[in-house]
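Read the numbers this way: they start at 1 and go in the same order the structure lists the ligands and their atoms.
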Amino acid sequence: MKIALIGLGNMGLPMAANLLKAGHQVAGYDLLPGNCAKHAANGGRVATSVADAAGDAEVVVTMLPAGRHVESVFTGQGGVFDAVRGRTPLLIDSSTIDVATVRRLAAEAGAAGLDLLDAPVSGGVGGATAGTLTFMVGGTQGGFARAEPVLRAMGKTIIHAGASGAGQAAKACNNMMLAVNMIGVAEGFLLADKLGLDRQKLFDIASTATSQSWAMTSYCPAPGPVPAAPSNRGYAPGFATALMLKDLTLAQGAAEGAGAPTPLGSHAQRIYAAMAEAGESGQDFSVVFRWLAGQTRDEAV
Ligand code: NAD
């Protein structure tokens, strides 16, 4: 198929590479020439603009930083909506953005007879490179059926979460739960340290007991028990604190809009904001363990 991929950053570039490997023709576009050059080196066509990329595409995938970038790429002059007028390619936004923006864009697309799906991902750069991402998809059943074979070239788990916005809703809920969970594990291991309890002993007990979680068994924020975890390589990401803060902020925006009480989600956002302010933005989000260890009890509550 002819696929346009707009946004060839940390995630978009390896996603485009997997589409190429699956035999698709991929026209890539990014504002940064260096990223375009990497796409060319992978065997892709470099488009000269959004319109050039989307002009004859059967599927348009966007992988951009935030809602305002997605909005401008779709609705701006020379944007995707302009470029595909008179045709009905499938539109897939895989960026992590707010539910309201994607619903607005999907409605605008629908009025022009186009299907626009929200399909944010989980799995990070490692998953994007290995082609094992999880896609959580919001949109019509028909759109999902068209998207699935394309997404399959970039991911392993492809789930239709529901109508437009449901993919972004799933992403916001998942990452809010993850952040709360990660802070909880970090607090438990810190308390263990302070009580003189051996970390490995706590891990051996808790990882088979009722507090067992992915944050502990695959990604333990305290150095030691899980050798492959970022905590054992100086908290190099992984999934950066800045991205977790972005997702927690999106979750709080969604919770406010929906009137959902999320006291721990809100507290987690404040903790990640404080960590970012303290210079931890580029570190893996499990650095919350080290950050808490540097706080007094009064500072951190
Ligand atoms: P990134 O900043 O590395 O890449 C985004 C790219 O978009 C950049 O190369 C930028 O130049 C390009 N861009 C911005 N505006 C553009 C425009 N108008 N036209 C063309 N290109 C434009 O970000 P990333 O890490 O690849 O993340 C992309 C999205 O995926 C984000 O929404 C992020 O939250 C989400 N995400 C990231 C991860 C991760 O681990 N990096 C994991 C899951 C989800």
* Structure fact -> heavy-atom search around atom 30 (O) of ligand 1 in the protein gives Met63 CE, 3.1 Å
* In terms of atom number and element, which parts of ligand 1 are under 4.0 angstrom from non-hydrogen atoms of Gly124? -> 40 (O), 42 (C)
* To do: Around atom 15 (N) of ligand 1, find the nearest protein heavy atom and jot down its residue, atom name and distance.
  => Leu31 CD1, 3.6 Å
* Do any nitrogen or oxygen atoms of Leu64 lie less than 3.5 angstrom from nitrogen or oxygen atoms of ligand 1? -> yes
* **Closest approach of Thr140 to Asp115 (non-hydrogen atoms, all atoms of both residues)** => OG1-OD1, 2.9 Å
* **Gln269 vs Met176 side-chain heavy atoms within contact, under 4.5 Å** => no
* Interfacing atoms of ligand 1 (cut-off 4.0 Å, heavy-atom, Leu32) -> 11 (O)
* Atom indices of ligand 1 within 4.0 angstrom of Ser95 heavy atoms, with elements -> 32 (O)
* **Per-residue contact class, Ile97 against ligand 1 - non-hydrogen pairs under 4.0 Å** => neither
* To do: Measure up the Phe203 and Phe189 rings against each other and bin them: parallel (under 30°), tilted (30 to 60°), perpendicular (over 60°).
  => tilted
* Asked: Which atoms from ligand 1 have a heavy atom of Pro65 less than 4.0 Å away?
  -> 5 (C), 7 (O), 14 (C), 31 (C), 32 (O)
* Can you tell me if CZ on Arg68 sees more than 12 non-hydrogen neighbours from other groups inside 6.0 Å? -> no
* Going by the atom numbers of ligand 1, which of them fall below 4.0 Å from some non-hydrogen atom of Tyr29? -> 19 (N), 20 (C)
* To do: Give yes or no for whether the N/O distance cutoff of 3.5 Å, strictly under, is met between Asp30 and ligand 1.
  => yes
* To do: Ignoring angles and geometry beyond distance, decide whether Val121 reaches within less than 3.5 Å of ligand 1 through its nitrogen or oxygen atoms.
  => no
* Tell me, do Ser211 and Met216 make a side-chain contact under 4.5 Å, heavy atoms counted? -> yes
* To do: Return the orientation label for the Phe285 and Phe239 ring planes: parallel under 30°, perpendicular over 60°, tilted otherwise.
  => perpendicular
* Step-by-step side chain to side chain donor-acceptor pair (under 3.5 Å) determination, Asp52 to Ser49 -> CA-CA 5 Å; Asp52 179 33; Ser49 63; 5.3 Å; no
* To do: Check whether any N or O atom of Val73, backbone or side chain, sits under 3.5 Å from an N or O atom of ligand 1, and answer yes or no.
  => no
* Structure fact -> In terms of its nearest heavy atom to atom 32 (O) of ligand 1, the top option of Met11, Met244, Lys246 is Lys246
* **Over 12 non-hydrogen atoms of neighbours within 6.0 angstrom of CD in Gln77** => no
* Check: Lys156 and Leu133 side chains under 4.5 Å, non-hydrogen atoms -> no
* Asked: Does Asp247 reach ligand 1 with a nitrogen or oxygen that is under 3.5 Å from one of the ligand's nitrogen or oxygen atoms?
  -> no
* Structure fact -> atom 36 (N) of ligand 1: closest protein heavy atom, distance to 0.1 Å, is Thr96 OG1, 4.0 Å
* **Test of proximity, Ser122 against ligand 1: N or O pairs below 3.5 Å** => no
* Contact check: Lys171 vs ligand 1, nitrogen or oxygen atoms, below 3.5 angstrom -> no
* To do: Carefully, step by step, assess Arg104 and Glu108 under the rule salt bridge (Lys or Arg N to Asp or Glu O under 4.0 Å).
  => CA-CA 6 Å; Arg104 198 169 55 245; Glu108 192 172 337; over 6 Å; no
* Closer than 4.0 Å: a protein non-hydrogen atom to atom 23 (O) of ligand 1 -> no
* To do: Indicate whether any N or O donor in one side chain lies under 3.5 Å from an N or O acceptor in the other, for Arg270 and Ser266.
  => yes
* Could you check which of Ile6, Leu8, Asn10 puts a non-hydrogen atom nearest to atom 1 (P) of ligand 1? => Asn10
* Asked: Is the shortest heavy-atom distance from the side chain of Phe74 to the side chain of Leu114 under 4.5 Å?
  -> no
* Residue pair Thr296 / Asp298, side-chain donor-acceptor N/O under 3.5 Å -> no
* Quick one: nearest non-hydrogen protein atom to atom 4 (O) of ligand 1, plus distance? -> Gly9 CA, 3.2 Å
* Using a strict 4.0 Å cut-off to heavy atoms of Asn35, name the atoms of ligand 1 that fall inside it. => 9 (O)
